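Before any comments, here is the structure.
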Amino acid sequence: QVQLVESGGGLVQAGGSLRLSCEASGRTFSSYAMGWSRQAPGREREWVTGISWSGGIKYYSDSVKGRFTVSRDNATNTVHLQMNSLKPEDTAVYYCAAVKTRVNDYVPTHESHMDYWGKGTLVTVSS
């Protein structure tokens, strides 16, 4: 099992940046593909990005491509989401997620692929 704790959310003006972090417990972090999902008020959860266990393969939804960057540090069991050029429509609770995999180049592209979830961190983008 792995436990996930997100941090870094907050209030930012449109056009600004935030960096989210997700710290995972456990000794086999590098065996997990990771990702981020978000849920805005009154809307369905949206899968935002996924990253393979090596960090070499990444997936981004069209809504964040070119603005968000996902990365991971297996030495510190941490995944980061750098969010630039933020828009009011990026306002949501952002959730970190993990899925155990034996496939080195597997990258999750949907929240249904994930087994473990954090409790989320709120990002608010003001116009």
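All of these numbers come straight from a predicted model, not from anything done at the bench. Each residue takes its place number in the sequence, starting with 1.
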Rounded distance (nearest 0.5 Å) linking atom OG of Ser25 with atom CG of Leu4: 7.0 Å

Side chain proximity check, Val64 to Arg38, heavy atoms < 4.5 angstrom: yes

Glu111 with Arg45: basic N within carboxylate O range, under 4.0 Å: no

Cluster link Trp53 to Tyr60, ILVMFWY, side chain under 4.5 Å: no

Heavy atoms from other residues, nucleotides or ligands near CD of Gln39 exceed 12 (cutoff 6.0 Å): yes

Glu89 atom CD: more than 12 heavy-atom contacts under 6.0 Å: yes

Distance in Å, Ser126 OG paired with Gln13 CD, rounded so as to fall on 0.5 Å steps: 5.0 Å

Student check: side-chain heavy atoms of Val79 and Val70 closer than 4.5 Å: yes

Ionic contact status for Asp62 with Lys65, cut-off 4.0 Å: yes

Closest contact, heavy atoms only, Ala14 versus Ser127: CB-CA, 4.3 Å

Inter-residue atom distance Thr78.OG1 - Glu23.CD, 0.5 Å rounding: 5.0 Å

Gly120 backbone acceptor or donor facing Glu6 side chain under 3.5 Å: yes

Parallel, tilted or perpendicular, as decided by the 30° and 60° cut-offs, for the rings of Trp47 and Trp117: perpendicular

Ring geometry between Phe68 and Tyr94 (parallel below 30°, tilted from 30 to 60°, perpendicular above 60°): tilted

Interatomic distance, Ser17 atom OG to Arg67 atom CZ [nearest 0.5 angstrom]: 10.5 Å

Check: Val125 and Lys87 side chains under 4.5 Å, non-hydrogen atoms: no

Rounded distance [0.5 Å steps], NE2 in His80 versus CH2 in Trp36: 9.0 Å

Leu86 vs Leu18 side-chain heavy atoms within contact, under 4.5 Å: yes

From Thr69 atom OG1 to Leu81 atom CG, the distance as rounded to the nearest 0.5 Å: 8.0 Å

Cluster check Tyr116, Val99: I/L/V/M/F/W/Y, side chain < 4.5 angstrom: no

Side chains of Met114 and Pro108 in contact at under 4.5 Å (non-hydrogen atoms): yes

Val93 side chain reached by Thr121 side chain, heavy atoms, under 4.5 Å: no

Heavy-atom check, side chain of Met34 versus side chain of Cys96, under 4.5 Å: yes

Common cluster, Ile51/Tyr95, ILVMFWY with side-chain heavy-atom separation under 4.5 Å: no

Val103 with Tyr32, same ILVMFWY side-chain cluster at under 4.5 Å: no

Distance-only donor-acceptor check, side chains Glu46 and Ser63, under 3.5 Å: yes

Pair Ser52, Asp105: side-chain N/O donor-acceptor within cut-off below 3.5 Å: no

In one Ile/Leu/Val/Met/Phe/Trp/Tyr side-chain cluster, 4.5 Å: Val107, Val2: no

Exceeds 12 heavy-atom contacts within 6.0 angstrom, atom NZ of Lys119: no

Contact check, side chains of Thr49 and Tyr59, non-hydrogen atoms, under 4.5 Å: no

